[in-house]
Amino acid sequence: MTSEHARHGGGVGDVDVDPGTALAKILDAVRAPAAVWCGGTRLDAGHAAGRSPLVHAALLTTSPGLPSQQPLGPHLEVVAGPDAGGLVAVGRDTLVVGRDGTGVGFAFDDPAMSARHFAVDGAGRARDLGSTNGTTLVRRGRPRRVGRWPRALRDGDVLLAGGSVLRWRATGRAAAEPAGKAEYSDAPTRSAPPSRPGLAWLGGVGGTAGGLALAASTGRWQLAAVALAMPAAMGVAALVAGRRNRAAREGPPNDGLVDLAGLPLPIAIRGEAEAARAAARAVALARGALPGKLEEPWMRWLERALAPGAIVLLDRSSAAPSDAATVLDVDRATVEIHGRAGPWRPALVSATAADAAGRRLASSREPDLPASVRWADLRAAAPTRAPGEGPRRLLAALGTSGTGTVTLDLDRDGPHVLVAGTTGSGKSILLETLVAALAHAHGPQDLGVGLIDLKGGAGLAALRDLPHARGLLTDLAPTHARRALLGIAHELRSRKGALAERGLTSWAQWEARGREADRAPARLVVVVDEFQELGAIDPGFVPELARLAAQGRSLGMHLILATQRPAGAVTPEIRANVSTVIALRTATAGESQDLIGDRSAADLPVGAPGRAIVATAAGRETMQAALPVARPRGAVRIVSEPGPAGVSLATAAAARWEGAPAVEPLWLPPLTSDAEPRAGALGWVDLPEARTRMPLRWDTTAGPCVVVGPRGSGRSSILGAIASTTPQCVALPEDPREAARTLDLAVRHGVALIVDDVERTVAGLDPILRGAEQALEDVARRVPVAVACGPGWGARWSGRAGLRIVLSGLDPIEQTLWGVPPSLTRLAREPGRGVAIGVDGTGECLVTRRERGQDGHGRRLVVPLVCPPDLAPDAVGVVGDAARPLVVTDTPVAVVGPAGPARAEAIAVLSAAGVSCHAVTRLEHGDSTGRVEIVVEPSPAHLATLGLRAFPGLVDAAPPRGRVVVRRGGILEAAQLRSPE
């Protein structure tokens with residue numbers, strides 16, 4: 001509600017009060033004087049909130065004022081004129097009506113009315129007091145003059161006095177249903193701000209000019225408080241139903257008495273700005289609905305809203321819109337209905353009069369639910385079972401309704417619950433209250449909670465620290481959502497097995513045994529917020545969830561499914577297993593119809609988050625869901641001031657069960673890059689279906705290891721991890737000659753071989769090792785081989801690989817071709833993350849990155865032939881697989897090759913080292929023992945012409961400068977000569 005403290009200077013604003021609270025306590029809480037009037041009644045200090053006149057919407061002042069509820073006795077209603085909307089109670093004594101306000105409580109502002117215009121008594125006898133303009137009685141459309149002698153009035157008679165129209169009511173009555181309710185029935189309506197529990201008071205403490213006004217609320221009423229009490233005003237109601245129908249059919253009446261509630265919409269009101277607004281207030285009160293864009297504080301008492309554009313305010317010179325069915329002209333005092341004009345006695349309602357009239361409307365309505373209630377204010381239902389005694393009953397106090405606290409019983413009302421509501425309807429708060437209330441009432445030994453929040457954790461994060469929590473999943477990644485489902489499935493399989501071992505058929509049977517030595521594990525409540533997102537992430541998820549839900553009752557599992565968009569998300573399979581629906585405000589009537597069978601949920605007030613319809617097998621009721629706060633509010637609460645902060649219900653529940661044994665996670669958290677692998681392992685393999693993870697290892701006896709992924713996916717890092725965890729591991733060099741030589745040596749030495757970027761490596765090998773790909777496969781049959789490649793290479797390796805690691809980042813089709821299950825084809829792209837497919841099963845994996853210096857690809861069998869700067873002076877170069885210094889002593893050397901720069905450079909290098917040498921074009925025949933021969937430009941073709949058979953890795957396809965082959969003692973080795981100085 002809107003506090004009017006600032007507007008009236010000194011008022012306390014709106015105040016909520018619990019039913020039964022004594023007035024003295026209310027006044028003390030708001031620091032107000034003890035002497036308080038409510039209308040014409042002076043209240044005692046012990047007067048309890050909720051007893052007339054201290055009811056919903058009552059107005060309190062420090063002096064007598066207008067009633068804020070419908071009088072029980074005879075009274076006059078001001079129907080039209082400058083004081084329209086006013087109400088004058090008639091007591092036993094004669095009441096004088098006029099501008100001086102004698103005995104009325106306010107003076108009429110009608111300049112055409114005399115100071116003492118007419119008098120009326122409690123018996124309904126009216127007489128004119130010699131007024132200037134006279135007094136006229138209108139009954140059934142026929143005017144009669146009221147003279148000095150009393151004239152008896154009948155209920156509903158109309159009196160014309162000056163420019164005012166007053167209607168006589170012989171007895172008090174509840175306010176009628178606002179007229180015109182069905183008009184514009186096809187247009188959306190806007191609810192007024194909701195009333196609060198108890199009494200809402202509007203009041204102000206003033207000096208000589210004003211008085212106290214408070215607002216107090218009970219669970220049934222609402223009072224508003226304003227600083228200066230002004231004359232109350234009732235809106236114009238229908239004079240007679242026949243007049244309303246005639247106005248709609250035939251146009252305006254000729255006596256100027258217009259039924260504002262029956263005027264056809266849209267209505268255009270023309271006149272000076274304030275006068276037009278005053279007429280709009282009259283229309284709003286007559287119809288009991290907010291008039292479109294005209295928003296004033298008093299309108300919070302109205303429950304409905306007219307359709308946008310139903311009332312349009314115009315200045316004096318503006319033409320009415322073409323679609324206006326009715327035009328009211330304040331200045332000319334005319335009304336035009338469907339083009340037919342007639343006189344109109346303007347009803348001009350001030351904001352102050354409208355406020356009082358609105359209170360009377362509100363006080364006569366059935367009490368509404370509170371707009372806000374704390375869980376601590378509820379009468380919480382306690383568990384009916386002590387630990388170890390009989391079946392559990394999962395009870396949670398959830399909110400309040402017209403009959404008291406609403407308690408959800410998952411055994412009686414379950415096993416599963418559907419919560420639906422549009423954005424801003426209070427769904428997340430309701431979920432937090434429901435789960436925290438369950439946790440507060442039941443210890444971790446009786447209740448476990450699994451939380452799946454597909455809004456990124458915004459809705460259920462407050463519950464993650466409950467000792468009952470068995471996991472919170474907030475990631476929208478498909479595999480992370482599925483891991484929760486697989487964890488639930490594993491839990492149910494375990495429970496099935498436990499029941500089978502004991503020869504039982506249901507969880508209830510196990511609980512009923514009550515054996516402490518063989519106690520049934522805790523019930524499981526799984527909460528899924530925004531579960532419709534699961535279908536978008538994984539189309540197979542919702543049917544699988546429905547299958548699990550069907551097993552829930554017998555296995556002690558309950559599902560609480562929440563969604564903003566129930567249409568399409570709530571499948572027949574889900575609905576078949578849901579016994580309770582909590583429908584908050586829905587976006588459309590169709591969604592409400594689908595949930596609860598009618599449009600009621602779509603009509604819930606926008607301004608009351610948490611208002612919901614609870615539909616169970618036993619029936620349905622409307623409730624206000626409680627806020628998850630464990631501290632009760634005070635009995636008196638000033639609305640404009642923040643209430644006392646309270647500890648959250650989740651925090652209170654956690655504190656209550658502090659020290660309880662830790663619960664087993666329902667699912668393991670997703671793999672993260674900071675997970676340290678076990679000794680000798682590459683990383684971890686996640687197996688959510690078994691609720692476990694195991695070290696990722698390569699069994700070299702099972703077959704090759706193939707690492708598949710795009711560039712940048714961590715292929716080289718994984719090979720580095722393999723090299724650091726695999727004994728006798730050798731990396732295949734990138735240099736083609738060195739690679740070819742390493743292939744040959746790997747088989748001889750029986751070492752494990754690592755090949756990075758295998759496509760490029762094989763392409764480079766082909767010129768000097770024909771059939772390089774086949775050669776690599778041949779090597780893989782004899783020694784362990786681990787290769788890293790892209791998705792288009794080595795598909796034939798897939799079938800015989802002992803371990804395949806398919807890294808994230810590939811196209812789902814490519815992953816499927818490499819054997820990745822569809823459920824794992826959409827992993828988040830991260831270096832080292834992928835799917836491991838091995839002899840032990842398939843699962844998501846993450847290879848942990850090694851620290852710098854640990855990601856080498858193993859030792860080398862062939863060292864690059866590069867002359868180091870510190871090469872010994874007597875060495876002419878480096879030679880062999882280890883690139884050892886090439887030293888030639890006391891032996892004549894034959895430099896073999898055609899005449900040219902290469903042979904000349906070789907001779908120069910040898911001569912500079914003091915080696916005796918000579919040039920030849922061909923090798924000498926016969927035994928080469930004891931001879932040293934150096935072949936320059938040793939290409940495969942050149943060696944062939946010399947009659948030498950080059951083994952793999954001896955020569956390059958295009959030898960670099962200074963590259964030679966040394967034959968010594970019949971052994972051929974590749975060598976690199978120094979550069980000539």
Salt bridge check: are [X] and [Y] linked by an N-O gap of less than 4.0 Å?
| X | Y | result |
| --- | --- | --- |
| Asp756 | Arg715 | no |
| Asp840 | Arg697 | no |
| Glu973 | Arg741 | no |
| Arg760 | Glu734 | yes |
| Arg748 | Asp744 | yes |
| Arg547 | Glu544 | yes |
| Glu689 | Arg493 | no |
| Arg860 | Asp881 | no |
| Arg961 | Glu937 | no |
| Glu844 | Arg693 | no |

Item checked: Evaluation steps, salt bridge (Lys or Arg N to Asp or Glu O under 4.0 Å), between Glu777 and Arg800 -> CA-CA 11 Å; Glu777 291 186 34; Arg800 56 190 180 87; 3.5 Å; yes
About how many Å separate [atom2] of [Y] and [atom1] of [X], when rounded to the nearest 0.5 Å?
| X | Y | atom1 | atom2 | value |
| --- | --- | --- | --- | --- |
| Ile718 | Ser713 | CD1 | OG | 7.0 Å |
| Arg963 | Gln976 | CZ | CD | 5.0 Å |
| Asp453 | Leu473 | CG | CG | 9.0 Å |
| Leu666 | Arg483 | CG | CZ | 11.5 Å |
| Thr842 | Leu687 | OG1 | CG | 9.0 Å |
| Gln564 | Thr586 | CD | OG1 | 12.5 Å |

Counting only N and O atoms by type, is there a donor-acceptor contact under 3.5 Å from the side chain of [X] to the main-chain atoms of [Y]?
| X | Y | answer |
| --- | --- | --- |
| Thr726 | Ala723 | no |
| Trp818 | Pro791 | yes |
| Arg859 | Val730 | no |
| Asp766 | Ala772 | yes |
| Glu664 | Arg470 | no |
| Trp698 | Gly703 | yes |
| His416 | Leu559 | yes |
| Asp811 | Ile813 | yes |
| Arg737 | Gly953 | yes |
| Ser579 | Gly414 | yes |

Next item on the list: Decide side chain to side chain contact (heavy atoms under 4.5 Å, CB included) for Leu753 and Val779; before the verdict, give the C-alpha distance in whole Å, the side-chain angles of both, and the deciding distance to 0.1 Å.
Entry: CA-CA 9 Å; Leu753 189 63; Val779 171; 4.2 Å; yes
Margin query: Evaluate Lys496 against Glu491 for salt bridge (Lys or Arg N to Asp or Glu O under 4.0 Å), listing each step before the verdict.
Written below: CA-CA 9 Å; Lys496 283 182 183 178; Glu491 177 74 14; over 6 Å; no
Where is the tightest heavy-atom contact between [X] and [Y], given as atom of each residue plus distance?
| X | Y | result |
| --- | --- | --- |
| Pro868 | Val878 | CD-CG1, 3.9 Å |
| Leu865 | Ala975 | CD1-N, 3.9 Å |
| Leu769 | Ala775 | CD2-CB, 4.1 Å |
| Pro710 | Ser808 | CD-O, 3.9 Å |
| Gly448 | Ala522 | N-CB, 4.0 Å |
| Leu765 | Ala739 | CD2-CB, 3.9 Å |

Next item on the list: Please step through side chain to side chain contact (heavy atoms under 4.5 Å, CB included) for the pair Val419 and Ile560, ending with a clear verdict.
Entry: CA-CA 7 Å; Val419 180; Ile560 299 175; 4.3 Å; yes
Over 12 foreign heavy atoms within 6.0 Å of [atom1], [X]:
| X | atom1 | result |
| --- | --- | --- |
| Arg502 | CZ | yes |
| Arg678 | CZ | no |
| Arg949 | CZ | no |

Counting C-beta onward and ignoring hydrogens, is there a side-chain heavy-atom pair between [X] and [Y] closer than 4.5 Å?
| X | Y | result |
| --- | --- | --- |
| Trp797 | Val785 | yes |
| Arg711 | Asp757 | yes |
| Glu591 | Thr588 | yes |
| Leu418 | Arg575 | yes |
| Leu499 | Thr505 | no |
| Trp507 | Ser554 | no |
| Leu410 | Val525 | yes |
| Val526 | His558 | no |

Note to self: Could you tell me if Thr563 and Glu530 have a donor-acceptor pair between their side chains, going purely by distance under 3.5 Å?
What the structure shows: no
Note to self: Taking the cut-offs as 6.0 angstrom to the six-membered ring centre and 45 degrees off its axis, would you call Arg691 and Trp667 a cation-pi pair?
What the structure shows: no
Note to self: Applying side chain to side chain contact (heavy atoms under 4.5 Å, CB included) to Leu803 and Asp699, what does each step give before you reach the verdict?
What the structure shows: CA-CA 8 Å; Leu803 174 64; Asp699 180 1; over 6 Å; no
Check: Is there a side chain to side chain contact (heavy atoms under 4.5 Å, CB included) between Thr816 and Thr825 once you walk through the steps?
Finding: CA-CA 7 Å; Thr816 301; Thr825 57; 4.1 Å; yes
